[in-house]
Structure formats: C-alpha cells, structure tokens
Amino acid sequence: MAGGVGSRFWPMSTTTKPKQFIDVLGVGRSLLQLTFDRFKGICDPENVWVVTNKGYYEIVKQQLPEIPEHNILCEPCRRNTAPCIAYVSWRIKAKDRNANIVVTPSDHIVTDGEEFRRVIRQCLQFTGETDAIVTLGMKPSRPETGYGYIQADLSSSSPRNKEIFRVDSFKEKPDLETAQKYIRNKSYFWNAGIFIWSVSTIVNAFRVYQPALNDVFEGMADIYGTSQEQEVIDKRFPECESISVDYAIMEKAEEIFVCPADFGWSDLGTWGSLLVQTKKDIYGNGVIGDNVALFDTHNCIVHTLGKKKVVVQGLDGYIVAEEDDRLLICRLTDEQRIKQFSGEG
C-alpha cells in the first residue's frame, strides 16, 4: 500500500513526494524500495503489487522497475485501506484464484530482515492451509500512544503453529496510562497493519462483512487486466465508503489470529520515531548524513544528505533537516506543528 500523501518528514517529504518515496534512513533506498527488498526470497517481482495514488504512478514505476507496470494499481481518490485492499485482492484473484497474500504498508521499516522473512513464511504456510486471517503483532518496547494494539489469547496457541494465537480484541490508540497498563500485560502487541490471508479468504470476508464494497469490485470482474480497467476503476472507486480494513473486516471476522513478532519494526510516523531507530552518539544524537559536525549538542536528529557542510552547536532536543531549498530547525516537542510551519497539508 503506497498511496499515502503525508508530509510528516518535511522538508524531505512533501505532498508531491511523500514519505514512502524518500530515503529516510540515508541508505540510498526509499522506504518503498526497502519494503520491496525485504520480500526477496518470499515472492518473485512479478508477484509484487503496489496500490498507489494515480499521481504517484510514475515515481513507483521509476523506483521499482523490477515489477511489471500493470502490477501498479492506481486509485483515483483516497478511500482508506479497505477499498485499497479490496481492489488488489480482486485483481489478484483474476490472475490466480489460489493466491496467498501479504498486505503491508510501504512506509514502515524493519531492521531484522531475516526474522521478518521467517515470520512471513510461517504465516503464509498457516493461511495456505486454513481459512484464517493473520495479523502481525509487534512486541512493544515502550508505552506507545501512537499505535493501536492487539490483545492476544496466549492461553493456547494454534495446533498448526505454536507461534500463532487467536485475537481477543483490537484496541484503539490509548492514552499514556492505558498504554502503560498494556505494556505490563504480555498479551498486548502493537498493531503493525501487516496482514496475511489467502485471496479466497479475504474476498469472502468482504462478501460477508462489507457487501457494498463487494458489489463494487465483484461487479468489475470482467475488466480486471483489460485496457478498460483504469477507466472503470476511475468511475467506480469513488463509490466506495472510506473505511479502514480494521473496522471493515478485522473487528468483525471470526477466524482472526495474531503472530507476535519482534523484527525491529517501526511505522516511522514522526521525527522522534526516526531518532529512536537511528544509531546514536554518546550524547543521544542521531545523524543521517556524512558531512555533519556537532558541538555541545544533545538528543537531536540531524538529516542532511546533501553536499553542504552542516555544523550544529548548542541544541538539545531538536530536528535539523535539509532538502533542496528547504531547511527545518524545530524542537522535537513541536514537530506536530511542522505542517503549520511549512504550509504543507
């Protein structure tokens, strides 16, 4: 899923080039490309599908030349994750009725790729043998208020896989007090928004729990893979209710399981979360860029990939980021106001 339009990492990300298309980590690969990379060995490039906004088609094609162009599906408007997932599910079903699917956001990071692939493989085996829906639950490392949570029934694992458990409930983003309670209870996990299921299972779930969405995409069965597909999608997609897959399917379906995992996941929703994920010096600074000098500076995130020499002195708890003709110097505690500062969004 690569249709987000957020600019939370301004000045690097903008509404015309949002987070998933930029090199947030300074490794020479965008978050979209890193997402593609970690599925190597799990599925071939011709089985990778990207659902994005029509305005991002060219940049997806440029960044992922390995995948077929017709595997880039374009939404004419934003309708949240359920219509996005429904579209690609029916499209894959038209090609392979026996497909097994992993759905993942394109703008998250994973630091332990081998463990990620191990977890994904075992979940694919599980969903290939059952009618189950599996979501990944990240083992929490702190009382995070920015994530939703999954409560698992850890009293007994699935007979087919000892690492997979039934979901008791999904929890909204909590306040700090509630998040602290969750982290003391070993049955709560961060909801990473990564789902595994067979195409028949998810299509049937839409039929049962979201008949209106089902009617839209089932009604287009004859045009998938044809020259008329984009024209018809442009017409019918706006009819879809804007609803997340969590509300549409996950909180309603019965055969819902969670696989607790720990592979260094973050959704990188803020500059602060990037600082958490970045290797820090003895003063708590995270630096992305090769031409940076820090003096009397603490707890800052500095992101400057250009050729300019950057010298920072006397800051504590700041963001310093530069991209092209845009420069940001902002307190980490004020980063929620970046859109207001920048005029983006």
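All of these numbers come straight from a predicted model, not from anything done at the bench. Atom set for the values below is all heavy atoms of this structure, side chains included, hydrogens, waters and symmetry mates excluded. The residues of the chain are indexed from 1 along the displayed sequence.
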Legend entry - Exercise: identify the closest heavy-atom pair between F189 and P260: CE2-CB, 3.5 Å

Inset, instruction - Examine L213 and V208 and state if one hydrophobic cluster contains both, with Ile, Leu, Val, Met, Phe, Trp and Tyr joined whenever side-chain heavy atoms are less than 4.5 Å apart. - result: yes

Inset, instruction - Might you confirm whether atom CZ of R97 has over 12 heavy atoms from other residues, nucleotides or ligands at distances under 6.0 Å? - result: no

Legend entry - Qualifying residue for side chain to side chain contact (heavy atoms under 4.5 Å, CB included) with M1, from V103, V245, T35, T104: V103

Inset, instruction - With the side chain counted from C-beta on, respond yes when E58 and Q62 share a heavy-atom pair under 4.5 Å apart, and no when they do not. - result: no

Legend entry - Sidechain-backbone polar pair: K93 side chain, S200 backbone, donor-acceptor under 3.5 Å: no

Inset, instruction - Decide yes or no for S89 and W49: does some side-chain heavy atom of the first lie under 4.5 Å from some side-chain heavy atom of the second? - result: no

Inset, instruction - For atom CD of Q313, decide whether the heavy atoms of other residues, nucleotides or ligands shown that lie under 6.0 angstrom number more than 12. - result: yes

Inset, instruction - For the residue pair S169 and Q151, confirm or rule out a side-chain donor-acceptor distance under 3.5 Å. - result: yes

Inset, instruction - Report yes if some heavy atom in the side chain of L64 is under 4.5 Å from a heavy atom in the side chain of Q33; otherwise report no. - result: yes

Inset, instruction - Search all heavy atoms of P238 against all heavy atoms of I233 and return the closest pair with its distance. - result: CD-O, 3.9 Å

Inset, instruction - Might you confirm whether atom CD of E115 has over 12 heavy atoms from other residues, nucleotides or ligands at distances under 6.0 Å? - result: yes

Legend entry - Donor-acceptor contact present, side-chain R117 to main-chain R38, <3.5 Å: yes

Legend entry - Shortest non-hydrogen separation from G26 to I288 and the atoms involved: CA-CG2, 3.6 Å

Legend entry - Connected via hydrophobic side-chain network under 4.5 Å: V258 and V110: no

Inset, instruction - With L25 as reference, evaluate L274, T111, T278 under the side chain to side chain contact (heavy atoms under 4.5 Å, CB included) test and give the passing residue. - result: L274

Legend entry - Distance, nearest 0.5 Å, that separates CG of D23 from NE2 of H303: 6.0 Å

Inset, instruction - Would you sort out whether L136 and I120 count as a side chain to side chain contact (heavy atoms under 4.5 Å, CB included), showing the intermediate values? - result: CA-CA 9 Å; L136 300 189; I120 292 295; 4.0 Å; yes

Inset, instruction - Take atom OH of Y247 as the centre, draw a 6.0 Å sphere, and report whether it contains more than 12 heavy atoms from other residues, nucleotides or ligands. - result: no

Inset, instruction - For atom CG of D222, decide whether the heavy atoms of other residues, nucleotides or ligands shown that lie under 6.0 angstrom number more than 12. - result: no

Inset, instruction - Consider only side-chain heavy atoms of I, L, V, M, F, W and Y, link residues closer than 4.5 Å, and tell whether V310 and L305 are in one cluster. - result: no

Inset, instruction - Write out all pairs satisfying side chain to side chain donor-acceptor pair (under 3.5 Å) with one or both partners inside residues 283-301, taking only residues at least two apart or from two chains. - result: D281-N285, N299-D316

Inset, instruction - Answer with yes or no whether the side chains of D234 and Q230 bring together a donor and an acceptor at under 3.5 Å. - result: yes

Legend entry - ILVMFWY network linking W10 to Y318, side-chain heavy atoms under 4.5 angstrom: no

Legend entry - Taking every non-hydrogen atom, the tightest pair across C259 and V119: SG-CG1, 3.9 Å

Legend entry - Check: E46 main-chain N/O paired with D44 side-chain donor or acceptor under 3.5 Å: no

Legend entry - Within 6.0 Å of CZ in R331, more than 12 heavy atoms from elsewhere: no

Inset, instruction - Classify the ring geometry between Y149 and Y182 as parallel (under 30°), tilted (30 to 60°) or perpendicular (over 60°). - result: tilted

Inset, instruction - With rounding to the nearest 0.5 Å, note down the distance linking CD1 in I196 to OG1 in T135. - result: 7.0 Å

Inset, instruction - Would you mind checking if E66 and K40 are paired as a salt bridge, meaning a charged N to carboxylate O distance below 4.0 Å? - result: no

Legend entry - Evaluation steps, side chain to side chain contact (heavy atoms under 4.5 Å, CB included), between V102 and I42: CA-CA 10 Å; V102 182; I42 293 178; 5.5 Å; no

Legend entry - Close side-chain approach of R142 to W190, heavy-atom, < 4.5 Å: yes

Legend entry - Under 3.5 Å: donor-acceptor pair, side chain of E229, backbone of G225: yes

Legend entry - Nearest-0.5 Å distance that lies between atom CG in D267 and atom NZ in K19: 5.5 Å

Inset, instruction - Go through the steps to decide whether N47 and K95 satisfy the test side chain to side chain contact (heavy atoms under 4.5 Å, CB included), and finish with yes or no. - result: CA-CA 10 Å; N47 292 328; K95 181 180 179 181; 4.0 Å; yes

Inset, instruction - Report the C-alpha distance between L268 and D107 in whole Å, list the side-chain angles of each, state the deciding distance to 0.1 Å, and finish with yes or no for side chain to side chain contact (heavy atoms under 4.5 Å, CB included). - result: CA-CA 7 Å; L268 283 186; D107 58 356; over 6 Å; no

Inset, instruction - Give the cluster check for W90 versus V232: same hydrophobic cluster or not, with ILVMFWY residues linked at side-chain heavy-atom distances below 4.5 Å. - result: yes

Inset, instruction - Could you check if a side-chain atom of F263 sits within less than 4.5 angstrom of a side-chain atom of E114, using non-hydrogen atoms only? - result: no

Inset, instruction - Compare every heavy atom of P105 with every heavy atom of A192, then report the nearest pair and how far apart it is. - result: O-CG, 4.2 Å

Inset, instruction - Rounded to the nearest 0.5 Å, what's the gap from CD1 on I72 to NZ on K54? Could you check? - result: 14.0 Å

Legend entry - Aromatic plane relationship, W265 with H108 - under 30° parallel, 30 to 60° tilted, over 60° perpendicular: perpendicular

Inset, instruction - Mark yes or no for whether Q63, through its side chain, and S30, through its backbone, hold a donor-acceptor pair below 3.5 Å. - result: no

Legend entry - Separation between NZ of K17 and CZ of F9, rounded to the nearest 0.5 Å: 15.0 Å

Inset, instruction - Please check if the distance between the ring centroids of F217 and F206 is under 6.0 Å. - result: no

Inset, instruction - With rounding to the nearest 0.5 Å, note down the distance linking CD1 in I256 to CH2 in W197. - result: 8.0 Å

Legend entry - N191 and D246 side chains, donor-acceptor separation under 3.5 Å: yes

Legend entry - More than 12 heavy atoms of other groups within 6.0 Å of K309 NZ: yes

Legend entry - Nearest heavy-atom neighbours spanning M12 and I22: CB-CD1, 3.6 Å

Legend entry - Within-4.5 Å side-chain heavy-atom neighbours: F165 and D153: no

Inset, instruction - May I ask you to check whether over 12 heavy atoms, not counting those of K252, lie within 6.0 Å of atom NZ? - result: yes

Legend entry - Heavy-atom check, side chain of T52 versus side chain of F21, under 4.5 Å: yes

Inset, instruction - Side-chain contact test, heavy atoms from C-beta onward, threshold under 4.5 Å: evaluate it for I249 versus Q210 and give yes or no. - result: yes

Legend entry - Q228 side-chain N/O to I223 backbone N/O, donor-acceptor pair under 3.5 Å: no

Legend entry - Heavy-atom donor-acceptor pair, T304 side chain to G306 backbone, under 3.5 Å: no

